[in-house]
**Q** 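Right, I'll just put the structure down here and ask away after.
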Amino acid sequence: MSLRLHDSATREVRDFEPLTEGRVGVYVCGLTVQGEPHVGHVRSAVAFDVLRRWLLASGYAVDFVRNVTDIDDKILAKAAAAGMHWYELAYAMTRVLDGVYDDLNVLPPTYVPLATGHVPEMVELIGELVEKGHAYPAPDGSGDVYFDVRSWPEYGGLTGQRTEDMEAAADADPRGKRDPRDFALWKGRQPGSGEPESASWASPWGRGRPGWHIECSAMAGKYLGPAFDIHGGGVDLRFPHHENEQAQSRAAGRPFASYWLHNAWITTAGEKMSKSLGNSLLVPEVLRRVRGIELRYYMVGAHYRSTVEFSFEALDEAAAGFRRIEGFLARAVDVVGEVPAPGVACAEFVNAMDDDLGTPAAVGAVFDVVREGNKLLAGGDSPALRGVVASVRAMLDVLGVDPYDPAWGAARGGDDARAGRLTEAVDVLVRGLLEQRGEARTAKDFGTADAIRDRIAAAGVEVTDTPSGPAWSLARPDKD
RNA sequence: GGUGGGUUGGCCGAGAGGCGAGGCAACGGACUGCAAAUCCGUCAACACGGGUUCGAAUCCCGUACCCACCUCCA
């Protein structure tokens, strides 16, 4: 079986066929950098990072573009409220976001274009649309330019809606629109708006700033070409954002995306996270409770099109499940004496991933292999055991949760060399104590043996006896 | 009003007409000085009501509840 993906446009899972053999172009709508990211925000990045990793593992070259929207109403409003420059806020939040992506081992995209860096491309596209009769400058002198929805019969096609059925936004300012459903391509700078001069650019229609949707059309076109393979984003973006992107692009004569992929929400208390708010769900807060690799494992445990109801209980359980995999790898690496390089994923895993990125079934496949490996472990080092470890690593790598991926250590500028020396130092000390404990155990002096173990435990190090002798590991820090 | 998605065991979470993933938890067994880990086994579910079928968690009709989107929310 080869890769099949759920295309939101056709609402079915269909065979994936790239426009260019062996090469895939992916555009993902990134975040509007207006505040600190909560766990819901990063699901999209993780979901499409898995897509990317699977495409790479499948032998494709991947051009992966994820934008940052660094200018919009909310950024302007929040920055003003905080007494900051709008670009100051946007940049600060961009950096926070990048840090969070690193914490979750999200591969850096091929390129991360900023909306504010592509105003000329947007102006050019708007100009084409005006020329072709699909857009018009508002007659009210506002300097706005709108997309003419009625000039584009296939409008609504992406989301299966007919324009007549759409509810006109109650709070929308009709300004100079011909039809309430028309949307802004360009927003003229309004004299009394209080918006800073820096938030406007020159255009044939006067100073102003771009509408929300045009940036993605312009940037996807610039970096991936008029036609590209996959466009991704959160479900909420289907309409209007993606519908509008497609309309703008196609009306300008660009075929645009072949496949549309949309990830579902992470909710809390059955509601979208933005309603629930709460600092405890900000990614840095969640990462005080579990490691990034565990949070990512939790997200990957659900299918990207399934809504996840976030709970700390479920998160803790997922983390416990992940540690089962991790524990196997640690024991195996100990027995094998080195970390085998990633090898080949098992067939079940491949089939699961090929079926619209079926990560839950893929995780199930990993556990099957882990169980196999645990059995082999009893027999000591063997080619079979090494093969299993290599396979598990390969599969975890696709999901972005391979504990031996150096990226986990590198995140946040960790000092690997220093950490390595510390580990060695602790190893020498603990092994010394374990020798004493071994002597006590041989002499059946279990009181002394346990006292030594307790002393080691007090230092936060856990001792477990394995068939190949005692082993130590860092105990999990208590949470809460 | 329109559009889409959902409801699976104690919990999380797949599956999409017969062979009922997987994890966590629980219970029993093996192993262990004890413990941990591991292995083996057990347990149990398809919101509700009809229908189609030899056979339905899966298809159809209806009902209930939940969620999302309908012009700048991932």
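All chains are named by letter (A, B, ...) in the order of the sequence lines, taking the proteins before the strands, and each is independently numbered beginning at 1.
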**Q** Charged N to carboxylate O below 4.0 Å: is that the case for A/Asp103 and A/Arg291?
**A**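 No, this pair does not count.
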**Q** Can you sort out which residues in residues 152-160 of chain A have a heavy atom within less than 4.0 Å of RNA chain B? Ascending by number, please.
**A**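 A/Tyr155, A/Thr159, A/Gly160, in order of number.
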**Q** Which whole number of Å gives the distance between the P atom of B/G4 and that of B/C54?
**A**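 My reading of the P atoms in B/G4 and B/C54 gives 33 Å.
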**Q** Using a 4.0 Å heavy-atom cut-off across all strands, classify A/Ile266 as base, sugar-phosphate, or nothing.
**A**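 Base contact - A/Ile266 has a heavy atom under 4.0 Å of at least one base atom.
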**Q** Roughly how many Å apart are B/G23 and B/A14, using the P atom of each and rounding to a whole number?
**A**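 About 15 Å, rounded to a whole number of Å.
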**Q** Which whole-number value in Å describes the distance from A/Asn263 CG to B/G4 P?
**A**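 So the CG-P distance, A/Asn263 to B/G4, works out to 20 Å.
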**Q** Between B/U8 and B/A57, how many Å separate the two C1' atoms, rounded to a whole number?
**A**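 It works out to 7 Å between them.
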**Q** For nucleotides B/A45 and B/G13, find the distance between their C1' atoms and express it as a whole number of Å.
**A**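 These two C1' atoms come out 12 Å apart once rounded.
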**Q** Taking B/A30 as the reference, what is the distance to B/G22 when you measure between their C1' atoms (whole Å, please)?
**A**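 That atom pair is separated by 23 Å.
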**Q** Out of A/Tyr155, A/Trp152, A/Phe183, which one pairs with A/His134 under the ring-ring contact (aromatic ring centres under 6.0 Å, His included) rule?
**A**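 Filter result, single survivor: A/Trp152.
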**Q** Dot-bracket notation for RNA chain B is requested: 5' to 3', Watson-Crick or G-U wobble pairs only, both distances under 3.5 Å, with ( ), [ ], | and . as defined.
**A** (((((((..(((.....[...))).(((((.......)))))....(((((..]....))))))))))))....
**Q** Whole Å only: how far is the NE2 atom of A/His262 from the P atom of B/U3?
**A**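 So the NE2-P distance, A/His262 to B/U3, works out to 19 Å.
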**Q** Rounding to the closest angstrom, what is the interatomic distance between B/A56 and B/C48 at atom P?
**A**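 It comes out at 15 Å once rounded to the nearest Å.
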**Q** Could you write nucleotides 12-18 of chain B as a row of B, S and -, 5' to 3', where a protein heavy atom under 4.0 Å of any base atom gives B, of only sugar-phosphate atoms gives S, and otherwise -?
**A** SSS----
**Q** If I pick the P atom on B/U42 and the same atom on B/G49, what distance separates them, to the nearest angstrom?
**A**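 The same atom, P, in both gives a distance of 30 Å.
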**Q** Pairing donors with acceptors under 3.5 angstrom, does anything connect the side chains of A/Tyr146 and A/Asp148?
**A**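 No, no side-chain donor-acceptor contact under 3.5 Å.
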**Q** Just call it for A/Arg43: base, sugar-phosphate, or nothing, with non-hydrogen atoms closer than 4.0 Å on any strand.
**A**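 No contact.
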**Q** To the nearest Å, how far apart are A/Met299 CE and B/A74 P?
**A**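 Distance check: A/Met299 CE to B/A74 P gives 15 Å.
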**Q** Using the ring-ring contact (aromatic ring centres under 6.0 Å, His included) criterion, which residues pair with A/His303? Sequence neighbours excluded.
**A**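 Here no residue qualifies.
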**Q** Using atom C1' of each nucleotide, how far apart are B/C27 and B/A44 to the nearest Å?
**A**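 The same atom, C1', in both gives a distance of 12 Å.
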**Q** What protein N or O atoms touch nucleotides 43-47 of chain B N or O atoms at under 3.5 angstrom, if any, and at what distances?
**A**
none

**Q** For nucleotides 29-39 of chain B, give me one character per nucleotide, 5' to 3': B if any protein heavy atom sits under 4.0 Å from the base, S if the only such contacts are to the sugar-phosphate, - if neither.
**A** ----BBBBSSS
**Q** Whole Å only: how far is the CD atom of A/Glu12 from the P atom of B/G5?
**A**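 Rounding to the nearest Å, CD of A/Glu12 and P of B/G5 are 12 Å apart.
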**Q** Whole angstroms only, please: what is the CG-C1' distance between A/Asp73 and B/U71?
**A**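 About 12 Å, once rounded to whole Å.
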